[in-house]
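Notes follow once the structure below has been shown.
Worth saying up front: this structure is predicted, and the values here are computed from it rather than measured. The first residue of the sequence shown is numbered 1, and numbering continues consecutively from there.
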Amino acid sequence: MNKYFEIGYGKSLLSAQMIYINNFTLDHNHKLSEYLTFVPDMEHFGEGDELSHLFQSAYEIAPNKKLQLKTILNFTNPEKIKNVVLECNCVANNTTNYDIPWETLSKDAHDNAKNAFINISTDKFKTLIA
């Protein structure tokens, strides 16, 4: 950031963005719903393999943030593993006429992206990554 400020930018920062991108794999007999709270557990439909999953949502958080959540699951047949990408993305905007320190905006974006990640993770997932 120092180089950024040295060339004259950052005097009136408009926004800051924080993205948590988590890539992990699951064995074919584990369900994504065991790790993320918003994924439906399809167990009551009978035996079978979870083949793919795609989810994206966007939220506006007052007074100045936009949050996006995205998950992708792809089943790789020969290896029988599930590749998962989980993305928690938050943008905090300067909605005032005043200069807000970049640390304030970036902390705001960071805290909200992290909070989203914590709240959508199951207890099992939290235990594995702790």
Side-chain angles (χ1 to χ4, degrees):
M1 291 300 295
N2 288 337
K3 294 288 184 193
Y4 184 74
F5 293 129
E6 285 174 14
I7 60 174
Y9 291 109
K11 300 297 183 209
S12 53
L13 193 63
L14 299 177
S15 63
Q17 180 175 17
M18 174 60 69
I19 303 173
Y20 278 94
I21 301 174
N22 302 277
N23 294 298
F24 57 97
T25 59
L26 302 176
D27 190 75
H28 75 283
N29 58 358
H30 289 229
K31 298 177 289 191
L32 189 56
S33 61
E34 297 173 33
Y35 299 86
L36 301 175
T37 60
F38 59 87
V39 177
D41 182 357
M42 303 301 283
E43 186 174 89
H44 60 277
F45 288 112
E47 293 290 324
D49 287 324
E50 182 176 49
L51 299 177
S52 69
H53 166 83
L54 177 63
F55 173 83
Q56 183 171 347
S57 61
Y59 304 91
E60 188 167 352
I61 303 171
N64 67 329
K65 289 169 286 303
K66 295 202 184 321
L67 176 74
Q68 289 187 328
L69 302 173
K70 181 169 40 171
T71 55
I72 301 169
L73 175 141
N74 288 308
F75 182 77
T76 308
N77 197 4
E79 295 87 15
K80 292 197 173 197
I81 59 170
K82 298 174 184 178
N83 298 303
V84 180
V85 177
L86 167 62
E87 183 179 300
C88 300
N89 175 10
C90 186
V91 176
N93 294 297
N94 181 353
T95 56
T96 71
N97 291 327
Y98 305 103
D99 288 342
I100 296 177
W102 73 269
E103 295 93 345
T104 302
L105 280 178
S106 63
K107 182 175 180 351
D108 199 14
H110 171 268
D111 291 350
N112 280 270
K114 181 179 179 182
N115 187 47
F117 176 77
I118 290 169
N119 281 297
I120 64 173
S121 299
T122 64
D123 290 338
K124 176 181 181 172
F125 192 28
K126 289 175 191 172
T127 301
L128 292 172
I129 60 176

Would you name the heavy atoms of Glu34 and Thr122 that are closest together and state the gap between them?
O-OG1, 2.6 Å

Determine whether Phe117 and Val84 fall in the same hydrophobic cluster, where Ile, Leu, Val, Met, Phe, Trp and Tyr are linked whenever their side-chain heavy atoms lie under 4.5 Å apart.
yes

Specify the closest pair of heavy atoms between Ser33 and Pro40, including all atoms of both residues, with the distance to one decimal.
CB-O, 3.8 Å

Does Lys126 have more than 12 heavy atoms from other residues, nucleotides or ligands lying within 6.0 Å of its NZ?
yes

Does Leu51 belong to the same Ile/Leu/Val/Met/Phe/Trp/Tyr cluster as Val39, with side-chain heavy atoms less than 4.5 Å apart forming each link?
no

Ignoring hydrogens and geometry, is there a side-chain-to-backbone donor-acceptor pair from Thr37 to Ile120 under 3.5 Å?
yes

Ile129 side chain reached by Phe24 side chain, heavy atoms, under 4.5 Å
no

Smallest separation among heavy atoms of Ala58 and Gln68, with atom names
CB-CG, 4.1 Å

Is there a donor-acceptor contact under 3.5 Å from the side chain of Asn23 to the main chain of Val85?
no

Please test Glu87 against Ile19 for side-chain contact (heavy atoms from CB on, under 4.5 Å), starting from the C-alpha separation and ending with a verdict.
CA-CA 7 Å; Glu87 183 179 300; Ile19 303 173; 3.6 Å; yes

The single option from Ile100, Asn93, Asn64 that satisfies side-chain contact (heavy atoms from CB on, under 4.5 Å) with Ser15 is Asn93

Nearest heavy-atom pair of Phe55 and Phe38: which atoms, and what distance?
CD2-CE1, 3.4 Å

CG/Leu67 to CE/Met18 distance, rounded to the nearest 0.5 angstrom?
13.0 Å

Aromatic plane relationship, Tyr35 with Phe125 - under 30° parallel, 30 to 60° tilted, over 60° perpendicular:
perpendicular

Any chance you could lay out the side-chain contact (heavy atoms from CB on, under 4.5 Å) test for Tyr20 and His110, step after step, and finish with the verdict?
CA-CA 9 Å; Tyr20 278 94; His110 171 268; 2.9 Å; yes

Any donor-acceptor pair under 3.5 Å from Asn112 side chain to Asp108 backbone
yes

Check the pair Asn115 / Asp111 against side chain to side chain donor-acceptor pair (under 3.5 Å), numbers first and verdict last.
CA-CA 6 Å; Asn115 187 47; Asp111 291 350; over 6 Å; no

Would you tell me whether Asn74 and Thr76 have side-chain atoms, one donor and one acceptor, within less than 3.5 Å of each other?
no

In Å and rounded to the nearest 0.5 Å, what is the OG1 to NZ distance from Thr25 to Lys80?
15.5 Å

If you take all heavy atoms of Ala113 and Cys88, which pair is closest and at what distance?
O-CB, 3.7 Å

What is the distance from atom CG of Leu105 to atom CD of Gln17, rounded to the nearest 0.5 Å?
12.5 Å

Looking at NE2 of His28 and CD1 of Ile81, how far apart are the two atoms once the value is rounded to the nearest 0.5 Å?
12.0 Å

Salt bridge (Lys or Arg N to Asp or Glu O under 4.0 Å) between Lys31 and Glu50: does it pass, once the steps are laid out?
CA-CA 7 Å; Lys31 298 177 289 191; Glu50 182 176 49; over 6 Å; no

